[in-house]
Student: 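Let me begin by handing over the structure; questions about it come next.
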Amino acid sequence: MILPGMGSEEEKKAAAEAAAELVGEGMTVGLGTGSTVAYLLPALAARSLTLRCVATSLRTEDEARAAGLAVSPFSGVARLDIAIDGADQIAPDGWIVKGGGAAHTREKVVAASSDRFVVIAASDKLVEAIAPPIPLELLPYGLDATLARLGEVELRDVPPSPDGGLIADYLGPVEDTAAVASWLAATPGVIEHGLFPPDLTSEVIIGRGDEVERLAF
């Protein structure tokens with residue numbers, strides 16, 4: 001619950017600034033996408049560190065450069081020291097939903113390539129259980145057949161991802177999160193889904209009122 005006088009924007013900012021303190025001199029840093037990461041970028045820039053940053057979207061890349069951060073293509077490096085990103089849903093068992101901004105494929109690649117993946121969010125992103133929509137990126141080839149296999153899916157009226165994938169949302173039941181994640185991952189035509197497993201996340205930093213709460217799974 002957000003405390004009186006404390007909005008979710010302030011909570012996002014508090015979580016982002018706490019995460020920025022985890023970044024050290026000379027690190028390679030994965031930058032996520034979304035409204036919470038928008039607070040992270042100036043907080044990182046204000047520390048005046050020498051960093052090599054990798055962005056998960058063109059929007060983040062532009063905003064990071066505007067803040068004064070050095071952004072490089074994700075090439076020539078096998079591991080990142082840390083990645084920091086927001087979330088759409090965070091469940092008590094550590095499952096996380098990402099992809100409201102349609103960048104979940106790159107976000108998952110960056111998260112999996114990082115020694116430490118930190119999720120930042122306001123307290124309203126905490127949920128009792130994962131629920132639809134679950135973001136998807138789909139291969140354009142054979143799209144109608146893929147949609148038929150998936151069933152309850154709706155294409156978003158948005159441009160393709162930078163990698164050419166079509167953005168959609170799975171709207172069916174999510175009674176067993178791990179089973180749904182496995183099924184989506186195994187469905188031909190699905191490039192990536194927005195379910196992030198607990199073992200991918202090192203730490204969750206939640207802005208709660210005028211403080212931050214740290215969760216580990």
Side-chain angles (χ1 to χ4, degrees), residues 1-19 22 30 32-40 56 83-108 110-112 114 116-138 150-156 158 167-187 190 192-217:
M1 177 181 296
I2 299 174
L3 298 179
M6 196 69 182
S8 64
E9 294 305 312
E10 287 79 7
E11 292 192 340
K12 291 177 186 179
K13 186 172 184 289
E17 290 178 347
L22 302 176
T33 296
S35 59
T36 309
V37 171
Y39 291 108
L40 171 70
T56 55
I84 304 172
D85 206 347
D88 301 317
Q89 301 179 52
I90 303 169
D93 60 2
W95 278 95
I96 289 172
V97 174
K98 295 182 49 53
H104 48 284
T105 297
R106 289 190 175 193
E107 289 171 339
K108 191 174 284 187
V110 166
S114 301
R116 188 177 187 184
F117 177 48
V118 178
V119 172
I120 53 177
S123 60
D124 61 354
K125 299 303 182 182
L126 297 171
V127 298
E128 293 184 3
I130 297 298
I134 305 300
L136 303 174
E137 184 169 346
L138 306 177
L150 292 171
E152 298 179 64
V153 171
E154 184 175 290
L155 286 172
R156 291 191 205 172
V158 297
I167 306 302
D169 291 293
Y170 170 70
L171 304 176
V174 190
E175 296 176 1
D176 184 332
T177 308
V180 171
S182 295
W183 169 63
L184 291 172
T187 300
V190 175
E192 191 53 84
H193 58 77
L195 290 168
F196 283 52
D199 60 3
L200 194 58
T201 305
S202 305
E203 183 179 5
V204 175
I205 301 178
I206 299 293
R208 191 183 291 279
D210 57 357
E211 300 180 351
V212 295
E213 177 181 351
R214 299 173 187 270
L215 309 175
F217 301 105

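Computed from a prediction, not measured in an experiment: that's the story for all the values here. Each residue takes its place number in the sequence, starting with 1.
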Student: Which pairs pass salt bridge (charged side-chain N to carboxylate O under 4.0 Å, His left out) with one or both residues in residues 167-185, sequence neighbours excluded?
Tutor: R156-D169
Student: Can you see which heavy atom on A83 is nearest to which on S114, and at what distance?
Tutor: CB-OG, 3.2 Å
Student: Could you walk me through whether F196 and V119 pass side-chain contact (heavy atoms from CB on, under 4.5 Å), step by step?
Tutor: CA-CA 11 Å; F196 283 52; V119 172; over 6 Å; no
Student: Would you mind checking if K13 and E9 are paired as a salt bridge, meaning a charged N to carboxylate O distance below 4.0 Å?
Tutor: no
Student: Counting only N and O atoms by type, is there a donor-acceptor contact under 3.5 Å from the side chain of Q89 to the main-chain atoms of V97?
Tutor: no
Student: Show your reasoning for whether side-chain contact (heavy atoms from CB on, under 4.5 Å) applies to V180 and I130.
Tutor: CA-CA 11 Å; V180 171; I130 297 298; over 6 Å; no
Student: Evaluate side-chain contact (heavy atoms from CB on, under 4.5 Å) for I84 paired with V37, printing each intermediate quantity in order.
Tutor: CA-CA 8 Å; I84 304 172; V37 171; 5.8 Å; no
Student: Do you know which of H193, E192, E137 makes side chain to side chain donor-acceptor pair (under 3.5 Å) with T105?
Tutor: E137
Student: Please find the pair of heavy atoms, one from P135 and one from G100, that lie closest to each other, and give the distance.
Tutor: CG-N, 4.1 Å
Student: Could you report the tightest heavy-atom contact between A15 and G207, atom names first, then the distance?
Tutor: CB-N, 3.8 Å
Student: Checking W95 against T201 for the side-chain contact (heavy atoms from CB on, under 4.5 Å) test, could you report, in this order, the C-alpha distance in whole Å, the side-chain angles of both residues, the deciding distance, and whether it holds?
Tutor: CA-CA 9 Å; W95 278 95; T201 305; over 6 Å; no
Student: From T36 OG1 over to D88 CG, what is the distance, rounded to the nearest 0.5 angstrom?
Tutor: 9.0 Å
Student: Show the nearest heavy-atom pair for residues I96 and A87, with the distance to one decimal.
Tutor: CG2-CB, 3.7 Å
Student: Decide yes or no for E17 and V212: does some side-chain heavy atom of the first lie under 4.5 Å from some side-chain heavy atom of the second?
Tutor: no
Student: Judged by atom type as modelled, is there a donor-acceptor pair below 3.5 Å linking the side chain of K98 to the main-chain atoms of G86?
Tutor: yes
Student: Calculate, to the nearest 0.5 Å, the distance between atoms CD1 and CD belonging to I134 and E152 respectively.
Tutor: 12.5 Å
Student: Given side chains that start at C-beta, do those of L171 and V153 come closer than 4.5 Å, heavy atoms only?
Tutor: no
Student: So how far is it from K125 NZ to I206 CD1, rounded to the nearest 0.5 Å?
Tutor: 10.5 Å
Student: With the side chain counted from C-beta on, respond yes when I205 and L22 share a heavy-atom pair under 4.5 Å apart, and no when they do not.
Tutor: yes
Student: Would a distance-only check, ignoring hydrogens and angles, find a side-chain to backbone donor-acceptor pair under 3.5 Å from S202 to F117?
Tutor: yes
Student: What residues, two or more places apart in sequence or in another chain, satisfy salt bridge (charged side-chain N to carboxylate O under 4.0 Å, His left out) together with E213?
Tutor: R208
Student: Which heavy atom in A131 sits nearest to a heavy atom in V174, and how many Å separate them?
Tutor: C-CG2, 4.4 Å
Student: List the atom of S123, the atom of E11, and the distance in Å for their closest heavy-atom pair.
Tutor: OG-OE1, 2.7 Å
Student: Rounded to the nearest 0.5 Å, how far does NE2 of H104 lie from CG of L195?
Tutor: 9.5 Å
Student: Under the 3.5 angstrom rule, does the side chain of D85 hit a backbone N or O of T33 as a donor-acceptor pair?
Tutor: yes
